[in-house]
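Proteins get letters first, then strands, A, B, ... in listed order; numbering begins at 1 in each.
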Amino acid sequence: MNLKIDSTKCTGCRICEFACNYHSGDDFTTYSGSLMLHRAEKKDYYGMMWKRKSDIYLARPEGAEIMEPGAKMEGAAGSKPITMRPPCDLCEGMEELYCVLACPTGCLTREEK
Amino acid sequence: MNLENAYSGRIAIVDLDAGSCEEEELNDDLVQDYLGGAGINLALFNRYASRNPLILGTGPLTASFAPASSLGVVTAKSPLTGSIVHVPLMWLCAVEFKLTGFDFLVVLGESEKPVQIWAHDELIDVVDASKQWGKNVWEAVDLFREEHGDENVQAITIGKAGERGSKLAQFSESYWGSSDRFALGAVMGQKNLKGIVMRGMGSFEVAGGFFEKCMELKNEIMKEFNGKSGVAPLLSSLGMDGFAKAIKPMIHFNRAGFNSPYAANSFMMYNEDPKILAETGVTEPGCLITDILGLVAFKGLGADAVKMIEKIQKLGLEPTGTSLIMGKKSLDEALGEVEKLAEEGRDLTSLGLPNFYGVSPSPISSPEANLIQAVGIFSPAVPQMPLISSWGDFGVGDSPVEKAEWWIERQAISYITGICPLFSLISPKITSEEVAELLSLSLGMELSSFDLERLAKKVISETIEAGKKEVIYGFHA
Ligand code: SF4
Ligand code: SF4
């Protein structure tokens, strides 16, 4: 099982960030989830950053990019950088992926493989 | 009551006369009596009525897993109508504010110098805003973000129109305008308040079963849309297929307010190819349309309406009144003229144009829209009819009185609880029963749809009463 991200379907509603935190921390916050929405609001450029065990997956609308560990990769200044966040465990022990459950658009889907 | 699932429990009181900030506890009694949003805003307004208060509030469901939980409310006395009015925030400001650790903000008095209120990490300060004063809305938002070093900072801000106290001023939710049809932007201007600026990284507890219940409801709601998204289907449901077709080629992506299952906003690109996927090198490729009736007001310009909206967003002007004054002017003429309009403070009444106590009539006129505007306490920027769905889907009868009463009450419930009031006109699945169930689960108290409806009626009549406007709510009476 894996998580698949198609950023061209993202509306920027942000609820996946909170759902991931809820899976790991039981509260409603964005502070330490494995997903972070990148928003360049004025240019309407939205992408998803996904912290995985060994890298960071940047789901950009024009295509994905993988950042290796150690790469300088910040979220918005002021929020906890994606590099410092716990990696995605694919919602270990849960029946569903919480971010997929929450995403209303099909931007995040569960891929069986 | 489990207040911690719904609120941080803090009200910030900012006195601009003294330049001081205080904190007050949000107590159970206030929540018992008014629940939140427009209800508690009103109670706070009445408490400080002699100090020209401007209140920013959130509902118990704002910033939660509840679908479309994006709502914030700004309450103040409208310089246009003299009434106490509630204006919804439906983009990202309310959620950002609530996560700062404050649930309500009361702004009293007037500052001598231009200031901003900066809320973050359970702290609130009055900070100099001379750098932002004199700048247009977009420049001001950029400067706020730069100053606080964070791209995700949100700001309720004003442009030239608000600074000059224009009767056509509107406050803006970051770059993209707002539902302010009541000139509350001018109230901010009077206060020398350039912006309420926030960055929220707090957290709330979540009641057991709440997440699952919200997901269930969201999945039910999603079945209603059949892949529809953005402003084009909204225009079609207003009977404007042709206009929808004209603007469609400019849509880059459709964007949602916080946690909204329906993306009710569309980003229009006219200075860049709207098919671009990579980040554009163009600094200002277009603008986000968040105010559907504001766009409709400029329908006469065809697809160029969006360029007019960008200009208006920057100046911090209210689009429907502006469009009435612009009449049938061409885009170029109108673009030149609105600059002057923002400076001069002309208004509809003095120009002899149609208005309801100074507020422009809805661009989509109907008997129920007129009744709603006569009551005049909730923003008429939210269309006075169901969107995508039909009156029948909501079980509303044919008479204008019934329609108006339904709209006002449905808006009230949204404004009190924290659900986006535009979304509540899109989805019949957001019933008062569902909302009451979510609240009962979250707050750990028994609340029925009957309780919610009764509270909505109370907030409506007390708001009218507070503004001492001679309108009797309850048209049947
Ligand atoms: S799969 Fe689970 S852990 Fe991974 S990003 Fe989604 S919610 Fe977070
Ligand atoms: S939940 Fe889905 S649509 Fe919303 S921000 Fe996350 S990925 Fe985008």
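Residue contact with chain A, scored on non-hydrogen atoms closer than 4.5 Å, involves the backbone and the side chain of B/N259 alike. Heavy atoms of B/V282 lying under 4.5 Å from chain A belong exclusively to its backbone. Heavy atoms closer than 4.5 Å to chain A are found nowhere in B/S70, neither backbone nor side chain. At a 4.5 Å heavy-atom cutoff, the contact between B/S260 and chain A is made by backbone atoms alone. Proximity to chain A (any heavy atom under 4.5 Å) is shown, for B/F225, by neither the backbone nor the side chain.
Of all heavy-atom pairs spanning A/T29 and B/G202, the tightest one is OG1-O, 2.9 Å. Nearest approach of B/E279 to A/K43, heavy atoms of both residues: OE2-CD, 3.7 Å. Looking at every heavy atom in both residues, A/D44 comes nearest to B/F267 through OD2-CB, 3.2 Å.
Here CG of B/N219 is found 7.5 Å from CG of A/L101. Values are rounded to the nearest 0.5 Å.
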_I'd like to know whether B/D142 forms a side-chain contact (heavy atoms from CB on, under 4.5 Å) with A/K42, so could you lay out the CA-CA distance, the side-chain angles of the two residues, the decisive distance to 0.1 Å, and finally the verdict._
CA-CA 10 Å; B/D142 287 341; A/K42 233 165 140 187; 2.5 Å; yes

For B/W176 and A/E41, run side-chain contact (heavy atoms from CB on, under 4.5 Å): C-alpha distance rounded to whole Å, both residues' side-chain angles, the deciding distance at 0.1 Å, then the answer. CA-CA 10 Å; B/W176 316 121; A/E41 218 179 314; 2.9 Å; yes

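Side-chain atoms of B/N5 and A/F28, non-hydrogen and from C-beta on, never get closer than 4.5 Å to each other. Counting heavy atoms from C-beta on, the side chains of A/Y45 and B/T280 never come closer than 4.5 Å.
Taking B/P285, B/A278, B/A263 one by one and counting their heavy-atom pairs under 4.5 Å with chain A, the maximum is reached by B/A278. Most heavy-atom pairs under 4.5 Å with chain A: of the set B/H120, B/E272, B/R145, this distinction falls to B/R145. Comparing A/P61, A/C10, A/C16, A/S7 by how many heavy-atom pairs each has under 4.5 Å with chain B, the most go to A/P61.
The aromatic rings of B/F211 and A/Y22 lie tilted to each other, with the angle between the two planes from 30° to 60°.
Annotation for B/K248: atom NZ does not count as buried by contact number, only 12 or fewer foreign heavy atoms lying within 6.0 Å.
Evaluation of the side-chain contact (heavy atoms from CB on, under 4.5 Å) rule for B/L92 yields A/R14, A/R39, B/Q154, B/F258 as partners, not counting sequence neighbours.
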